[in-house]
Enquirer: 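Sending over a structure as structure tokens; questions will come in a sec.
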Amino acid sequence: MTNDARPEAKDQGKSEHHLIEVRRGKAARIRERGENPFANDVVAGELPLTDLRDVRASFDGVRGEDGRYIAETVLPTAFRVAGRVLFVRGFGGMTFVRLRDRTGELQAVCEEAGLGEAFARLEDLDLGDIVEVAGTAMATKKGELSIAAKSLRVLTKAFRPLPTKTSFKDVEQRYRMRYVDLVANPEVSQVFRARSQIVSAVRRFFDSRDFLEVETPTMHPLIGGAVAKPFRTHHNALDMELFMRIAPELYLKRLVVGGFERVYELARCYRNEGISTRHNPEFTMLEYYQAYATYETLMAQTEEMMRFVDAELAKAMPTEHAGWLSSRRFTFERFERLPMKAALAKALELAGLPLTVTDLVDQPDAPIKDWAKTAKANGRELDWANFRTGMKKCTSTGERTFVAYEYVAEPFLTRDYREGDKSVPVFITDYPFEVSPLARKQDADGTLVDRFELFIDGKEVCNAFSELNDPEDQASRFQSQVDAKERGAEETMDYDHDYIRALEYGMPPAAGFGMGVDRLVMMLTGSPSIRDVVLFPLLRPE
RNA sequence: GGGUCUAUAGCUCAGUCGGUAGAGCUGCGGGCUUUUAACCCGUAGGUCGCGAGUUCAAGUCUCGCUGGACCCA
């Protein structure tokens, strides 16, 4: 081995390591001067620390039409600011240092005249360092508001270089190191600010309607509230198997029994299923329950909520919202409502297919090729193979209607229901009872339940129904879930005896609602993947 | 689980017909007293995801594996 002879050259061969070593060396030099490269004494200064946004705001009055500042009108007011260094641009005897804090950006102008000996120490400054600058306001010849630095020191030395100019694009790296993503890609931090605004607006909407926000268990002894595969865990002291919640539904309805007639929860849920652009193993669901309401009450309320949340987002982030709005392919101006059977019939008609498709598609002699040809001629390509497989698994007419709707109608909702060049959100109503084990049957037609799902831009965002509060009906629905499990069904709910007991005490007539918060954020911010709206999505270990 | 694409410097990317590795940014050294992706000169930085195969010769062609992205289930 010859590398022992030239250890330094070997070190330099590892480029990233080299970059880090250079920065560690600068930190050491800062220490040698008696300063701390990880200082935490900014609060001690005589001048208070000012947010960069507020420095700018102080000079709003003298800003020109073009956004520039005129040197003579910017009074040399003293400020102390802090932030991350976005660039250091040396220009002979002066150096420009651009800072960013959570409120905005501002540059410091450094000259030997202002900084004295400290000017030479700028060589220890790197992109990404957190610094404190004290000085006086000024405007450059190009009209940029700046701080003429009288002092500048490193508060936090960044050992690793941040990506610059060329952005940080590797998708996996961005999710893995979100802290870098948030600094390097400003539009990413805008989406997460929007998420916060959206959640806050949702809370205001329900708080103002006299709903009570609650927190219910995320570790459940039984699988319930939805049809999904759960994560399993174990409680040692009780030696008890537990499931991470797949939905908060059954606990929230227990609270309705207890007299909390209007409750909601922003509930983190966990489902042990695949990962895709629309699925993360943990996600946030809004569920709310309202006594003395029906699914029709909730449909109207959903329209109001969507418009309210979007308007609040526009108020909070007008610039960003305008951008998102302009590329939106859907509108909230009008919502369509239509029963599932009608949606299916219309979709069949538009595809030029007979109504009998629903009955015959999984028969051995079904003329699939002809149907496929006809549908394609009408501009509709159906996933016939999966349609047939799905149908074969069905054990009731209700399930068949649902599967047919899923393959024939749902993929085309954005195309079939439009207002100008935008798609219209569609409420699909009147679901078969077989696919809705917790919903109330319709008084007029017991094969259907009072339920809707809302599709925005073709994606399912909400699911709601008038709640089943008849304990005997509920018991038989639980029983059929248990029977299905015995027949080999993979995803079923457990029989929840305590929930039946709760219903036996009497739950007022009520309606309940669930919404994927992550999906709503995707809609409103035009984000194509759920991983763009979840700060730390689940990834394979490094 | 199926399909398509993809992996080259710390970052963003070139690399033609198979001929032995390139640019910009970052870093380092120097110049420049109002920059805005500053600019100019110099310099450093690579096991071309991993493993086989074909070939005189593979970043490039073939096969397998692994990771990732997107679409479908």
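Numbers restart at 1 for each chain; the letters A, B, ... are given by sequence-line order, proteins then strands. On a predicted model such as this, the values are computed, not experimentally measured, just so you know.
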Enquirer: For A:Val183, which residues count as a side-chain contact (heavy atoms from CB on, under 4.5 Å) partner, sequence neighbours excluded?
Expert: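 If we apply the side-chain contact (heavy atoms from CB on, under 4.5 Å) test to A:Val183, skipping adjacent residues, the hits are A:Arg84, A:Arg100, A:Leu162.
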Enquirer: Tabulated below should be each protein N or O lying under 3.5 Å from an N or O of nucleotides 29-33 of chain B; please produce it.
Expert:
residue	atom	partner	partner atom	Å
B:C32	N3	A:Gly92	N	3.1
B:U33	O4'	A:Gly93	N	3.4
B:U33	O2	A:Glu111	OE2	3.0

Enquirer: Considering residues at least two apart in sequence or located in another chain, which fulfil the side-chain contact (heavy atoms from CB on, under 4.5 Å) criterion with A:Gln173?
Expert: A:Phe168, A:Asp170, A:Arg176, A:Met177
Enquirer: Provide the full list of salt bridge (charged side-chain N to carboxylate O under 4.0 Å, His left out) pairs with a residue in residues 146-163 of chain A, sequence neighbours left out, each pair given once.
Expert: A:Glu16-A:Arg160, A:Asp41-A:Arg153, A:Asp126-A:Lys157, A:Asp129-A:Lys157, A:Glu132-A:Arg153
Enquirer: Who pairs with A:Thr103 by side-chain contact (heavy atoms from CB on, under 4.5 Å), at least two apart in sequence or on another chain?
Expert: A:Asp51, A:Leu52, A:Arg53, A:Asp101
Enquirer: List for me each residue that meets side-chain contact (heavy atoms from CB on, under 4.5 Å) alongside A:Thr356, sequence neighbours excluded, and say none if there are none.
Expert: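 side-chain contact (heavy atoms from CB on, under 4.5 Å) check on A:Thr356 returns A:Pro354, A:Leu360.
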Enquirer: What pairs with A:Arg271 under salt bridge (Lys or Arg N to Asp or Glu O under 4.0 Å), at least two apart in sequence or on another chain?
Expert: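 Scan of A:Arg271 (salt bridge (Lys or Arg N to Asp or Glu O under 4.0 Å), adjacent residues dropped) gives none.
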Enquirer: Can you sort out which residues in residues 378-387 of chain A have a heavy atom within less than 4.0 Å of RNA chain B? Ascending by number, please.
Expert: A:Asp383, A:Asn386
Enquirer: So that I can compare with my own list, what are the stems of RNA chain B, taken as at least three consecutive Watson-Crick or G-U pairs with distances under 3.5 Å?
Expert: B:1-7 with B:66-72, B:10-13 with B:22-25, B:27-31 with B:39-43, B:49-53 with B:61-65
Enquirer: Base, sugar-phosphate, or nothing: which does A:Gln107 touch, judged by heavy atoms less than 4.0 Å apart?
Expert: base
Enquirer: So which of residues 71-82 of chain A are in contact with RNA chain B, with a heavy-atom cut-off of under 4.0 Å?
Expert: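 Per residue number, the list is empty: none.
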Enquirer: Under the salt bridge (charged side-chain N to carboxylate O under 4.0 Å, His left out) definition, can you give me all pairs with a residue in residues 347-359 of chain A, not counting sequence neighbours?
Expert: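 Not a single pair qualifies under salt bridge (charged side-chain N to carboxylate O under 4.0 Å, His left out).
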Enquirer: My understanding is that only residues two or more places apart in sequence, or in another chain, count here; which of them pass salt bridge (Lys or Arg N to Asp or Glu O under 4.0 Å) with A:Arg24?
Expert: A:Glu21
